[in-house]
J.: 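Structure in structure tokens, see below.
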Amino acid sequence: MSSTLLAGLLPPQVISAEAYTDPPGVFLYPEEEAVITRAVDKRRREFTTGRYCARQALTALGVSPGPLPRGERGAPVWPAGVVGSLTHCDGYRAAAVAHRSEVTSLGVDAEPHARLPDDVLGGVTLPTEREALAGLERRHPRLHWDRLLFSAKESVYKTWFPLTGAWLGFEEAEVEFFEPRADPWPAGDGPSVAGVGVPGVPAVPGVPDGAACSGEFRARLLRSGRDRDGHPLRGFEGRWRVARGLLLTAVTYRTPGAGSTSGSGV
């Protein structure tokens, strides 16, 4: 579990599990089967392997796994005392879980490391973010910052919603990235940062072609909200990684005064 792509993006209290293929014969509980009765094959495989990863992570956390039905707005219903997040994209599924006594909420997201479609960027970014993205793309042209920003907002929403029960639009969070750095995660045999972008231009100064890289981001919330204990939510901090042709983002939040975790609320 410790060698997942999400490892290092999350505090040690969070356990993650991942899969690059869809294992055959994965068991689903009746409550889960009911969710995907009419689903197409692709959606069924994503859902099933996501639950498989979740049960792997729950077992490592010391929690007896059970059914994970869909709750409000499609969010998984986790066992009592547990918080978690699921994500999937082509060729990758993952789950992250923690005891609620140690982490109040968390969100993870995985995406292919590729540009967003041209007609999507304007709908998920603010003018200030697009200006910042242009600068990042000039300095680090092999990293797809537009997709990274989209993923960061997905992780922010997944963290926000369990705390508030309210919707958070793309325009209601402003994400700021810090400069990337070399990442100890091996690039592996799959496509890496070097597989896209401008030939001959390193992804990050000082980082070899093809090496993984990572960094941090901050999200400022542009709407008011409070967590379940009444603490105001002003923003979140998170981490990201690009490796093996994928990009991943993660956010964790811990109730103020309960200690700090990687990517805690601000």
Side-chain angles (χ1 to χ4, degrees), residues 5-6 8-11 13-14 16 50 71-76 78 83-89 94-98 100 103-113 116 120-133 136 143-178 180 214-229 231-242 246-256 260-266:
L5 277 173
L6 287 170
L9 304 185
L10 296 162
Q13 302 97 319
V14 181
S16 59
E72 190 177 1
R73 292 192 180 273
W78 297 98
V83 298
S85 182
L86 299 175
T87 187
H88 59 80
C89 66
V97 297
R100 190 182 300 275
V103 175
T104 311
S105 187
L106 66 93
V108 299
D109 185 69
E111 303 283 338
H113 184 230
L116 278 178
V120 173
L121 183 64
V124 300
T125 56
L126 300 166
T128 53
E129 292 173 325
R130 291 193 290 275
E131 182 178 354
L133 288 180
L136 288 166
L143 293 175
H144 291 301
W145 294 99
D146 54 352
R147 180 82 66 161
L148 196 55
L149 186 142
F150 173 85
S151 179
K153 290 196 175 187
E154 287 287 308
S155 288
V156 165
Y157 172 75
K158 291 179 180 181
T159 306
W160 157 277
F161 182 75
L163 295 169
T164 64
W167 178 257
L168 185 74
F170 284 105
E171 75 284 358
E172 294 179 309
E174 183 178 35
V175 171
E176 175 188 6
F177 289 103
F178 302 102
S214 60
E216 299 173 352
F217 64 89
R218 177 169 52 211
R220 182 170 65 94
L221 296 174
L222 304 180
R223 64 162 294 177
S224 60
R226 293 181 179 273
D227 67 17
R228 300 293 188 183
D229 295 319
H231 297 100
L233 296 170
R234 298 185 176 88
F236 299 110
E237 294 176 353
R239 293 179 176 176
W240 60 267
R241 167 177 283 152
V242 172
L246 300 166
L247 62 84
L248 298 96
T249 58
V251 173
T252 55
Y253 171 83
R254 194 168 185 180
T255 302
S260 61
T261 63
S262 164
S264 59
V266 293

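Both backbone and side-chain heavy atoms feed into the values below; hydrogens, waters and symmetry mates do not.
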J.: Judged by atom type as modelled, is there a donor-acceptor pair below 3.5 Å linking the side chain of Trp78 to the main-chain atoms of Gly84?
T.: yes
J.: Do side-chain atoms of Glu237 reach the backbone of Glu216 as a donor and acceptor pair under 3.5 angstrom?
T.: no
J.: Between the main-chain N or O of Phe177 and the side-chain N or O of Arg218, is there a donor-acceptor pair closer than 3.5 Å?
T.: no
J.: Less than 4.5 Å apart, side chain to side chain, heavy atoms only: is that true for Arg223 and Leu168?
T.: yes
J.: Say whether Thr104 and Arg254, considering side chains only, have a donor N or O and an acceptor N or O under 3.5 Å apart.
T.: no
J.: Would Leu136 and Leu148 satisfy side chain to side chain contact (heavy atoms under 4.5 Å, CB included), going step by step from the backbone distance to the final call?
T.: CA-CA 11 Å; Leu136 288 166; Leu148 196 55; over 6 Å; no
J.: Do Glu174 and Thr128 pair up side chain to side chain, a donor and an acceptor below 3.5 Å, judged on atom types alone?
T.: yes
J.: I'd like to know if the side chain of Thr87 reaches the main chain of Ala110, judged simply by a donor and an acceptor atom lying under 3.5 Å from each other, with no hydrogens or angles considered.
T.: yes
J.: Contact between Leu133 and Leu149 at the side-chain level, heavy atoms closer than 4.5 Å - yes or no?
T.: yes
J.: So do the side chains of Val175 and Glu129 get within less than 4.5 Å of each other, counting heavy atoms only?
T.: yes
J.: Please answer whether the main-chain N or O of Thr164 pairs with a side-chain N or O of Arg226 as donor and acceptor at a distance below 3.5 Å.
T.: no
J.: Do the side chain of Ser85 and the main chain of Ala96 share a donor and acceptor less than 3.5 angstrom apart?
T.: no
J.: Side chains of Pro162 and Val83: does their closest heavy-atom pair fall under 4.5 Å?
T.: no
J.: Give me the atom names and distance for the closest heavy-atom approach of Gly122 to Arg130.
T.: O-NH1, 3.8 Å
J.: Measuring from Leu246:CG to His113:NE2, what's the distance to the nearest 0.5 Å?
T.: 10.0 Å
J.: Restricting to non-hydrogen atoms, name the atom on Ala173 and the atom on Val156 that form the minimum distance, rounded to 0.1 Å.
T.: CB-CG1, 4.4 Å
J.: Would you say the side-chain atoms of Lys158 pair up with the backbone N or O of Ala75, donor to acceptor, closer than 3.5 Å?
T.: no
J.: Please check this pair: side chain of Ser105 against backbone of Thr159, looking for a donor-acceptor N/O pair closer than 3.5 Å.
T.: yes
J.: What's the separation between atom OG in Ser214 and atom CH2 in Trp240, rounded to the nearest 0.5 Å?
T.: 6.0 Å
J.: Quick check for you: to the nearest 0.5 Å, what is the distance between Phe178 atom CZ and Phe217 atom CZ?
T.: 10.5 Å
J.: Would you say Asp109 and Ser155 are linked by a side-chain donor-acceptor pair, where the criterion is simply a distance under 3.5 Å?
T.: no
J.: Taking the side chain as C-beta and beyond, is there a heavy-atom pair between Val242 and Leu248 under 4.5 Å?
T.: no
J.: Is there a donor-acceptor pair closer than 3.5 Å between any side-chain N or O of Lys153 and the backbone N or O of Val124?
T.: yes
J.: Sequence neighbours left out, what passes side-chain contact (heavy atoms from CB on, under 4.5 Å) with Glu171? Give chain and number order.
T.: Leu126
J.: Restricting to ring-ring contact (aromatic ring centres under 6.0 Å, His included), what partner residues turn up for Trp160, sequence neighbours left out?
T.: none
J.: Is there a side-chain contact between Leu9 and Arg241, using heavy atoms and a 4.5 Å cut-off?
T.: yes
J.: Quick one: does Val103's side chain get under 4.5 Å of Val14's, heavy atoms only?
T.: yes
J.: Any chance you could lay out the side chain to side chain contact (heavy atoms under 4.5 Å, CB included) test for His231 and Thr255, step after step, and finish with the verdict?
T.: CA-CA 8 Å; His231 297 100; Thr255 302; 3.3 Å; yes
J.: Any donor and acceptor pair, going by atom type alone, linking the side chain of Arg239 with main-chain N or O of Val251 inside 3.5 Å?
T.: no
J.: Are any non-hydrogen side-chain atoms of Leu163 and Leu233 less than 4.5 angstrom apart?
T.: yes
J.: Aromatic rings Trp167 and Tyr157: how do their planes relate, parallel, tilted or perpendicular, breaks at 30° and 60°?
T.: tilted
J.: What class does the angle between the rings of Phe150 and Phe170 fall in, given that below 30° is parallel, 30 to 60° is tilted and above 60° is perpendicular?
T.: parallel
J.: Can Leu221 and Glu172 be said to form a side chain to side chain contact (heavy atoms under 4.5 Å, CB included), step by step?
T.: CA-CA 6 Å; Leu221 296 174; Glu172 294 179 309; over 6 Å; no
